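All chains are named by letter (A, B, ...) in the order of the sequence lines, taking the proteins before the strands, and each is independently numbered beginning at 1. Everything numeric in this text was worked out from a predicted model, so none of it was measured.
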Protein chains: 2
Amino acid sequence: MNMNNGVNTSDAPKDFHSLRERILERRDLFPKRLSQVAAFALDNPDEMAFGTAASIAARAHVQPSTLVRFAQSIGYAGFSDLQAVFRERLRERPSTYDERLQALRSDAHRDSSAAILGGVIAAAQYSVESASTAISSQAFEKAVKALAAAETIFLVAQRRSFPIASYLAYTFGKLKVRNQLVSSPFGIESEQMAFATPRDAAIAISFSPYAAPSMEHARVLSQAGVPVVSITDSAFSPLVPLSKHWFEIAEADFAGFRSLSASIAFALALAIAVGEERARTK
Amino acid sequence: MNMNNGVNTSDAPKDFHSLRERILERRDLFPKRLSQVAAFALDNPDEMAFGTAASIAARAHVQPSTLVRFAQSIGYAGFSDLQAVFRERLRERPSTYDERLQALRSDAHRDSSAAILGGVIAAAQYSVESASTAISSQAFEKAVKALAAAETIFLVAQRRSFPIASYLAYTFGKLKVRNQLVSSPFGIESEQMAFATPRDAAIAISFSPYAAPSMEHARVLSQAGVPVVSITDSAFSPLVPLSKHWFEIAEADFAGFRSLSASIAFALALAIAVGEERARTK
DNA sequence: TAATAATTGGAATTTTTATTCCATTTCCGC
DNA sequence: GCGGAAATGGAATAAAAATTCCAATTATTA
C-alpha cells in the first residue's frame, strides 16, 4: 500500500469512532504489518493513547516506522496525529450521565436513531455503575442465605419486571434450584401460591407504577409466612413493608424509558450466589 | 521548600489516590508557585496526564522547571514520574474486566456472595461499554427504518433470550407498535407465523448455544420474505445468514454465566427508536 | 535594613521520541 | 522463475520534550 493511496491528509478521522470505522472498512486492504497494527490499535486503545511509538511498536511486534506508515496510510501526517485521536477518546469520556446526554443533544445526529441508541446505552451504563456502589454486601449476603435455604423460590413479577422474573426462572433452572414463576395464562396464580409455606421463599420484582397483581401476590405470600426478597426502585415502594429483604435499584431513564440493565445484572448475581451457597452448604 | 525536605524518592506515591492525599496534606507547606501547580494538578488531572511539561506549565501559569520541582518535592525523580501516576489513573479507570475479576478473587471476600455480585456487575459494565463502541450507527438506523415500516413485528426468542423478547413485547406495546411474540404454551408457533408477510418484520434473538426452535422460526420467517433483524453474539451465528440486519452484542461472562445487560439496553434502544421513527414518518 | 536563605524564571543542555531514508525482502503479474 | 512494485526493517536524523543550572527575585530573620 502506497503512502498516498487515494488518501490525503484532510480526510483523516478526527474522532475515535470514525477512526475505528475507517480502520474496519479497510481491514482487508492493509498489508500484513499494517493489519497487525490495525488489530493492535483497536484491541489496545489505551496503550495507543499512552505509549510511545517505540513501546507500542514493541508490543505490536513491528517497527516504529511501521506505526508512522500506518498513520499515514489513514491520512494523518504521522504517528503523533494518530495518537492524538486515541488520547482525545480518553479525555472526552464524559464522566457523568448528564454530561453525556448533553453531548448527545448537541451532536450533529440530533433526533436520529443513533442518538437514541447512545442515550439508552449511557443510561444503562450509569444504572449499572450506580448499582455497583448502592448495594450493601451484607444485605446481599443475608438475602442469598435466606433464598438458599428455601425449598422452592416463588418468582413474582408482571409487565415491565416480567423479563427479570423469566430470566431468574431460566437461570435457577440451569442451577437446579427449584422455582415457580407465579404467572400463568390461565389465571391460576392463586392456586400456584397455595402450595407456598414458610420453608419456601419468594423474589418479588416491581417498579413504579407498581403493578397491582404483583403487589397482591407478594401480600399473599408474605401473609403465608413466606420470606420475601424484593427488588424495587424506592424505599417507599409498597413492596418494602411486605419484604424481609429488599434492594433498591435505581435505573436511569432516557426519554422516560427506564432500562433494565442494572436490575437484570443484579438478578443474575442473586441467582448465581444462591446456587453457589447451595453448593457450599449441601 | 528545599528539594530534599525530608522527602526521598522511595516514598513517592505510586497510585493516584495516595498522590492526591499527599498533595492535600501538604497543601499549606508549598510555596506560592508550587501551590499553584498543586491546585492545577488536582483540578485538571486529565491535562496532567496528557499534556507536555510545557503545555501544562503554560496553562498553570508557571515555568516547566516549576513542574519538575513540584514533582521532586513530592518525592519523584522528575516530572515524568509524576505524570505517569496521572496516566495510570486514566488507564485504570474502567479497569479491564479481567483485572477487576482478578482483584475480586484476591480480595478478602473470597467466595463470598458479595464477590459474585461485584463480578457480575463488573461483567455487565464491561458488556454495556463494549456495546457502546461496537454498534455501527448506520446499521442501527437501517434496522430501525426496516422495523418502523413493518405492519407487525414478530419476536423470536427462546430460553435465555426470552426475557429480551418479552421486554420488547412490553415496550412495543406501550409504544403502540403492533407485535407478536412467537411463543406459546400451546405449541401454535407455526400458526402464529403463518400470518407473516413481507410487509411485516421480525426480531430474532439468539445466543450460543443457539436454541433450535428459534433458528427454525427465523428460517420460516426469512423464507416467507419477512425481513429479519437479529441480535446475536457472533458473526458466525446461524442467525446471520437468515438476517437482513444483524447486530453482534458481546456479553462478558462471569463464572460461565452471561449477563443480558447490554442486550436488554440494545433492545430498549431499538424499540424506542422504532417508536420515534413511526411518530416522525406518520 | 542588611544579610541570608528560599524560591522562581528562563535559557542552555541533555534525553527521549518521532520521523525519514535507504537497503533488503516479499509479493504479484507475466 | 523473472522483473518490477510494494512493503518492511532498522539505522540515521530531526524534532520535541524534560531537566538542569544559574542569575534574579522574593521572603525571612536578626
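Qualifying salt bridge (Lys or Arg N to Asp or Glu O under 4.0 Å) partners for B:Arg59, counting only residues two or more places apart in sequence or in other chains: B:Glu47. Every residue was checked against the side-chain hydrogen bond (donor to acceptor under 3.5 Å, both in side chains) condition with A:Ser65, not counting sequence neighbours, and none meets it. Shown here are the side-chain contact (heavy atoms from CB on, under 4.5 Å) partners of B:Ser127, two or more places apart in sequence or in another chain: B:Glu251, B:Ala252, B:Ala262. Scanning for side-chain contact (heavy atoms from CB on, under 4.5 Å) contacts around A:Arg33 gives A:Gln36, A:Val62, A:Thr66, with sequence neighbours left out.
B:Leu34 places its CG atom 10 Å from the P atom of C:dG9, with the value rounded to the nearest Å. We find that CZ of A:Phe50 is positioned 15 Å from P of C:dT17, with the value rounded to whole Å. Straight-line distance from the CZ atom of A:Arg33 to the C1' atom of C:dT24: 14 Å, rounded to whole Å. A:Tyr76 has its OH atom 13 Å from the P atom of C:dT19, to the nearest Å. Between the C1' atom of D:dG9 and the CZ atom of A:Phe70 lies a distance of 18 Å, rounded to the nearest Å. Between the CG atom of B:Leu29 and the C1' atom of C:dA6 there is a distance of 15 Å, rounded to whole Å. Rounded to a whole Å, the CG atom of A:Leu67 is 14 Å from the C1' atom of D:dG10. Rounded to an integer number of Å, the gap from CD of A:Gln63 to P of D:dA12 is 14 Å.
Side-chain atoms of B:Ser230 and B:Thr232 include no donor-acceptor pair closer than 3.5 Å.
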Quick one, give me the B/S/- string for nucleotides 18-26 of chain D, reading 5' to 3', where B means a protein heavy atom under 4.0 Å from the base and S means that only happens at the primed atoms, P, OP1 or OP2. SBBB-----
Could you list the donor-acceptor pairs under 3.5 angstrom formed by side chains in residues 214-222 of chain B, with sequence neighbours left out?
from	atom 1	to	atom 2	distance (Å)
B:Ser214	OG	B:Gln158	N	3.4
B:Glu216	OE1	B:Arg219	NH1	3.2
B:His217	ND1	B:Pro213	O	3.4
B:Ser222	OG	B:Leu242	O	3.3

